Structures are given as C-alpha cells and as structure tokens.
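On a predicted model such as this, the values are computed, not experimentally measured, just so you know.
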Amino acid sequence: MMYDTIAAVSTPLGEGGIAVIRVSGEGALSEVEKLFHSKVKLTEADTHTIHYGHIVDPKTGERVEEVLVNVMRAPRSFTTEDVVEINTHGGMISIRKVMDLLLEQEIRPAEPGEFTKRAFLNGRIDLSQAEAVIDLIRSKSDRAFSVAMKQVQGHLSNKINALRHTLIETLAHIEVNIDYPEHDVEELTSAFIQEKCGQVKKEIEQLLKTASEGKILREGIVTAIVGRPNVGKSSLLNTLARDNKAIVTDIPGTTRDVIEEFVTINGIPLRLLDTAGIRETTDIVERLGVERSRSALLEADLILFVVNNNEPLHEDEREWMKEFVGRQVIVIVNKMDLPQHIDISELENTFGADAIVRMSAKEQEGVDALEQAISTLFFSGGIESGDLTYVSNVRHIALLKKALQALDDAIDASRQGIPIDMIQIDVRSAWEQLGEIIGDAVGDSLIDQIFSQFCLGK
C-alpha cells in the first residue's frame, strides 16, 4: 500500500557530525530527485545504494548542501515504501534549508511515529513490535534494551501467535461439534476444551509473572533517597551516579530541592530522587524542599532510608520507620568509616536483616551490597536472561489479564457442563484479547494514540 510522501529529521536536532532526513512514500525518489544533483538519477538507482551529490535550490540553482543519499526501494525498506535518506551536515541551518526545499515539493511533514505506523499498516511489523520500538529508543539500561530488542524481533509476537493458534484449534473443534451434535461425545469435548484452554492459561500466567519485572526494566524504579539532614544522602547519589550531581558539605540542609538522576544498578534502571533532609525548619526555601521531599516519598517504588552510623537514631527517624513499614525499603547505614553509635538491631527488628546495607558513601564502600539488595528485592536475586520473554507494556498486561479471565470462565463452564456454544464465547474472547496485543482488529483511535507517543522521524 502506498501513501502520500512524508519527510522528517530522524536524528536529534543540534550540532553533530551528520543529520539524517528520512523521506518515505510513492514520490520519495522522484521528489528528492528534483533537488538532488549527482551523476546518478535517483529514479534509476538500484535499491540499497548510496550516492554522493548536492541539494540544489531548483528556483535559484544555488547549491544548498553537500550530501550522501541512500536509496531503499519498496518493499525492501522499513515502511515497505520507497525510502530516501538524506545525510547532511549536522547543523540546524543545514537541516532547515534542506527540509524547507523538500516541503516545497509534493512532500508533507511526517507526524510523530508515522514511519513506524506505516511499517505496521503495511504489514512489515505487528503492533507489539511497533510499540517495542519506543521502548528500544527509551531504554535506560543494557537489559531494558535487550528486552525491547527481543520484542522488536518478534519474540512476544511469536508466542502470542502460538497461543492464538491453540485457541483457534479449540474454536474449530467446538464449531464442528455445534454443527454436527450427533457425533459429539460430551466428555471428550469437555476434556479437550479444558486441556487446550489450560495450556494457554499456563503460558499467559508465565508471561504475567514477568510483568512487574518487565515494567521495571521499561520504566525504571522510582527511588527516593530519604533521611535526616547531613546523613550522606547527596554523597550516596553522587556515588551511584558516579558524578558530582549534588553539593556535599557538612552543613545540614544543603539540599533545598529534589534532585533527580537516572542510574543503572546491576542492570536495573533507577530514577533516583535525592530529597531535602526532612526536618522541621523555619527557613522558607528549605521548608518548600521538605514538602517536595514528602511528595517524592508518596510516588516512590523504593525508599533508600539513609541513617548515620556515627549517631544514635533520632525520634523523627523512629517515626519514619513506622511510616515505612509495608513499603519497599532498604536501610542504608552510612558513614561506616566512623565509630558506630547507632543500634542496628533496632533497624533489623523493624525491616529485617536483609534490608540493612552498611556503606561508606564517602569511601565508596558497600555499593555492591546495595546493588545486590535491590536485585533481591525486585528480581529475587537477579534478572533472568536467555529466551525469557518479558512483558512490560501496560496495554499488553491488561489484555493478557482479560484473556486469562476469559479462559478461567471457559474452563469453569466446561467443568459445570454448560453448553459448548456458551463456552465458545469465552474462548473467542480470549483469542480476540490476545489478537489486540499484536494489532489484529484494533481501532484507528488506539493506533493513533500509540503512534502519537513516538518522536518525529521514527
């Protein structure tokens, strides 16, 4: 299927070595050829070739840019359409001049994600693979990138298609028995439905077991670093970020706001929020920082509660301990390089010995123990690798849960002896829910919503 011709800058805007402008559609070759002066005509060029030349303003004859142009003919391109990629010098003026000339031809600006949307609509990829492209771009860790790459390559799609195939076999069996009831053996049909639906149910449950871990890899763990002023919160942030992101002094209350930083701990992305020390204060600026710290606590998936090894626990710290019970908490006993005056057993009695990590952020000691504690808390000690397919997309998770419920209903109905034409409704519902994951029979509004999340040029 061919659409009108679109163009967009596919590389980040700003100064750089090169910039890439992507053009796709029925007129990609002919329209760019009007601007491109070279020894080779683009309309006659072989697919997957690259050509040197200049972009020339057709009105004035002025050479605007020196470029390399890639030619990818349909259907051997990402969109399955004719695609031209113009490699220009990576400067804002260069990009603007070339784009202005392109848009003066029969070419319009691409919408966000329109190239990937065309790849989906033209059957190049399914919807789950298209959504994984976003995850690939936004990956914050090697593990998140690996999970997204597997989905782009079709690991999840293959699994979903296999499950749908099992369900369509079940539906076909039910249809035969509805059309030819005289040949139906009720006990055999019931056993067949329970076996096949049970197989699919087991596979979906396995996928859903990875959902929380996959979501963490996709979005990161929102982590609040909390503690009294001057216990070493900012030093901890700097240690984990391996940079001096926060000012570190001996003066309590130095951090006046929530400082945010993305780091990767043992393959797990963390969105670290270094909060202002929570205490009563008359300083209006520090008080605003304390309020923001309390807000950060509410949204946090993980609390790194930092206490000072060199001081006994304060009463306000004991109050926080009561508040933190039931939350995902790791207690960091910092400043282990100083003499111990804290009663660690009091912390262990509240949170358990496994939740206590001894560190010296100043000396950068104990980081490995913290990494292991986080892995244990969220991934039972580590992230599985190999062929495990992680489900990380919220939409996919919701559809899997609906399919699971439909299968439960079908199995229960079969055991209760409910007529198979009624059971068929639940089996078909499960098949349809799984189909929505890969984009089978989804509405235009959902497709538009998904691709609107993409950046321009992708």
(request) With sequence neighbours left out, write down each residue that passes side-chain contact (heavy atoms from CB on, under 4.5 Å) with D409, or none if nothing qualifies. (result) Q405, D426
(request) Give every residue pair that meets the ring-ring contact (aromatic ring centres under 6.0 Å, His included) criterion with at least one member in residues 30-49, sequence neighbours excluded. (result) none
(request) Please identify each residue that fulfils side-chain contact (heavy atoms from CB on, under 4.5 Å) with E365, with sequence neighbours left out. (result) S360, E363
(message) Does anything in residues 50-88 form a ring-ring contact (aromatic ring centres under 6.0 Å, His included)? List the pairs, not counting sequence neighbours.
(response) Y52-H54
(message) Can you list everything that forms a side-chain hydrogen bond (donor to acceptor under 3.5 Å, both in side chains) with E169? Sequence neighbours excluded, please.
(response) H165
(request) Report yes if the side chains of E81 and N122 come closer than 4.5 Å at any heavy-atom pair, otherwise no. (result) yes
(request) Please collect all salt bridge (charged side-chain N to carboxylate O under 4.0 Å, His left out) contacts where either partner lies in residues 63-75, sequence neighbours excluded, each pair once. (result) none
(request) Report yes or no: does Q105 contribute a side-chain atom to a donor-acceptor pair with the main-chain N or O of L101 at less than 3.5 Å? (result) yes
Identify each donor-acceptor pair in which a side-chain atom of residues 125-132 lies under 3.5 Å from a protein atom, sequence neighbours left out, and give them as a table.
from: D126; atom 1: OD1; to: S128; atom 2: N; distance (Å): 3.0
from: D126; atom 1: OD1; to: S128; atom 2: OG; distance (Å): 2.8
from: D126; atom 1: OD1; to: Q129; atom 2: N; distance (Å): 2.9
from: D126; atom 1: OD1; to: S157; atom 2: OG; distance (Å): 3.2
from: D126; atom 1: OD2; to: S157; atom 2: OG; distance (Å): 2.5
from: S128; atom 1: OG; to: S157; atom 2: OG; distance (Å): 2.9
from: Q129; atom 1: OE1; to: D126; atom 2: N; distance (Å): 3.0
from: Q129; atom 1: NE2; to: V152; atom 2: O; distance (Å): 2.8
from: E131; atom 1: OE1; to: R395; atom 2: NH2; distance (Å): 2.8
from: E131; atom 1: OE1; to: H396; atom 2: NE2; distance (Å): 2.7
from: E131; atom 1: OE2; to: N393; atom 2: ND2; distance (Å): 3.4
from: E131; atom 1: OE2; to: R395; atom 2: NE; distance (Å): 3.0

(message) Enumerate the salt bridge (charged side-chain N to carboxylate O under 4.0 Å, His left out) contacts for residues 86-115, please, sequence neighbours excluded, ordered by first and then second residue.
(response) D4-R108, K59-E104, R96-D100, R108-E114, E114-R118
(request) Could you list the residues that satisfy side-chain contact (heavy atoms from CB on, under 4.5 Å) with Q364, not counting sequence neighbours? (result) T239
(request) Pick out which of N308, V307, V231 makes a side chain to side chain contact (heavy atoms under 4.5 Å, CB included) with V333. (result) V307
(message) My understanding is that only residues two or more places apart in sequence, or in another chain, count here; which of them pass side-chain contact (heavy atoms from CB on, under 4.5 Å) with K117?
(response) L121, I447, D448, F451
(message) So, using salt bridge (charged side-chain N to carboxylate O under 4.0 Å, His left out) as the criterion, who are the partners of E31 when residues are at least two apart?
(response) K34
(request) State which residues pass side-chain hydrogen bond (donor to acceptor under 3.5 Å, both in side chains) with T43; sequence neighbours excluded, sorted by chain then number. (result) E33
